[in-house]
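First listed ligand is number 1; within each ligand, the first listed atom is number 1.
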Amino acid sequence: MFNMRSLVIFTINHAAISNILISINFISQISHKNKLMLITNAKVITWEKPNKILTDHALLIQGEIIKDIGPSTTLLNRYPNEEIVDAGNQFALPGNICAHTHFYGAFSRGLAIPGDAPKNFSEILNKLWWPLDKALLDEDIYLSSLVCLIDAIRHGTTTLFDHHSSPNAVTGSLDIIAEAVEQSGLRSVLSYEVSDRNGKENAIDGIQENVRFIKSLNTSVRKSSRISGMFGLHASLTLSDETLESCLGNKPTGAGFHIHAAEAPIDQANSLERSGFRVIERLNKHGILGPASITAHAVHVDSREIELLKATGTWVTHQPRSNMNNGVGVAPVQSLLDSNVRLCLGNDGFSNAMWEEWKTAYLVHKSATLDPRSMSGSDIIQIAIYNNSELASRFFNEAPIGKLIPGAYADLILVNYHAPTFVTEGNLPWHILFGFNESQITTTIVAGKFLMKNRELIGLDEEKIFYSARKQSKEVWKRYESYFSNKG
Ligand SMILES: [Zn+2]
């Protein structure tokens, strides 16, 4: 089913965009398992527990994996014949992880919403996101993914959990995104958000897309070690009991759900009206929660729902930039952390500059609680480093992600940060929060391959891809606007 259609899609797409991709062979080498490379002269931040900062150290990378770490002189003596990359005394640290994003939102930047500005979350969905996702066709999905992936490479984000929606191009959409991810060289967990908002048949298409894609991960169709999948659901407020049951019934064994939950008060009001239960209780009754599932936001959850999230081992993602932008409130992160809920950090389609999300999280809770002790640097590290790492490592379970230790995936970035004071394991979170920024990232490596080296992208022609995206966005905006004129 997919194979036939996607072959046609890619024949068309590639004919149109073949001139924007260069050196794909570099990225799509079938195997570089035995290739050895020594990165020397780095200040290595391991993000082990407890964290270590190792000055003038080297990392030996073999294929996709870090094989050895030690003082530069020791490793240079131990491996005298390998390719050497001098890090020039930059910091080397694991690439950032984004636990919830939407590549499909790329063409929303600069888009004018017709009529009055949305006055609440429902209007934001109705006036912006739902007509915009309906405007997306195959090539738009491909280009919106590629521009987000380039943004991620530039900003040092190496693993992303994408939550996709394109109701007029459902079938095969996850393959199109996977194609973009493969070309980018990044690591991603993909899902299609099932919803009843476009009718029953469209919901069934969404279910089938998730099932087909997740099953394809174990076949020869898709063998990339950098792509995984989840079963996506939009949100309780657009899902009937019947559809939730069908999602659970069709979910491949072992797969987890990825769903927005209790993002705005409307989600709770809708759930109570539909079912008599609050959102998290309703999702629990339908088997949506669990240690493989992600609920995004959880802004409006009460103590019983927090207990349920903890008891089921469900992951929760926090996106403060999006919550502030949508005016939906401030998530009860302290209660979630105190209850040992597995809280992670995403960006909900904002820029893939994850340190911006760190800084927002660090500030917003202090402001909301009138207490500067709220959301400490250590809390941020627990969420954005340790919990995100544990979540990502579940989906790529052959090696840990988010740590620089022997045996872990070689997903790392080099950061040219000149510290005005000493950097120690103890004060590192505050150096990152107050001193690091994404323009200092010079190099991004995923699975042992350079995706950006000395600020030059390798394998993707950024200028041409963004040129194509801008051209394509005009068509998307026309279709978006037509939904308003057709409505009268
Ligand atoms: Zn979202």
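Annotation: protein N, O or S atoms under 2.8 Å of the Zn ion (ligand 1) (waters excluded) comprise His100 NE2, His102 NE2, His260 NE2, Asp348 OD1.
The aromatic rings of Tyr417 and Phe436 lie tilted to each other, with the angle between the two planes from 30° to 60°. Between His100 and His297, the ring planes are perpendicular. Angles over 60° get that label, and only those under 30° would be called parallel.
Here Glu209 pairs with Arg212 in a salt bridge; the nearest charged N to carboxylate O distance falls below 4.0 Å. Taking the charged nitrogens against the carboxylate oxygens, Lys200 and Glu242 do have a contact shorter than 4.0 Å, which makes a salt bridge. Using a 4.0 Å cut-off between charged side-chain N and carboxylate O, Glu307 and Lys310 make no salt bridge.
A donor-acceptor contact closer than 3.5 angstrom links the side chains of Asn270 and Arg274.
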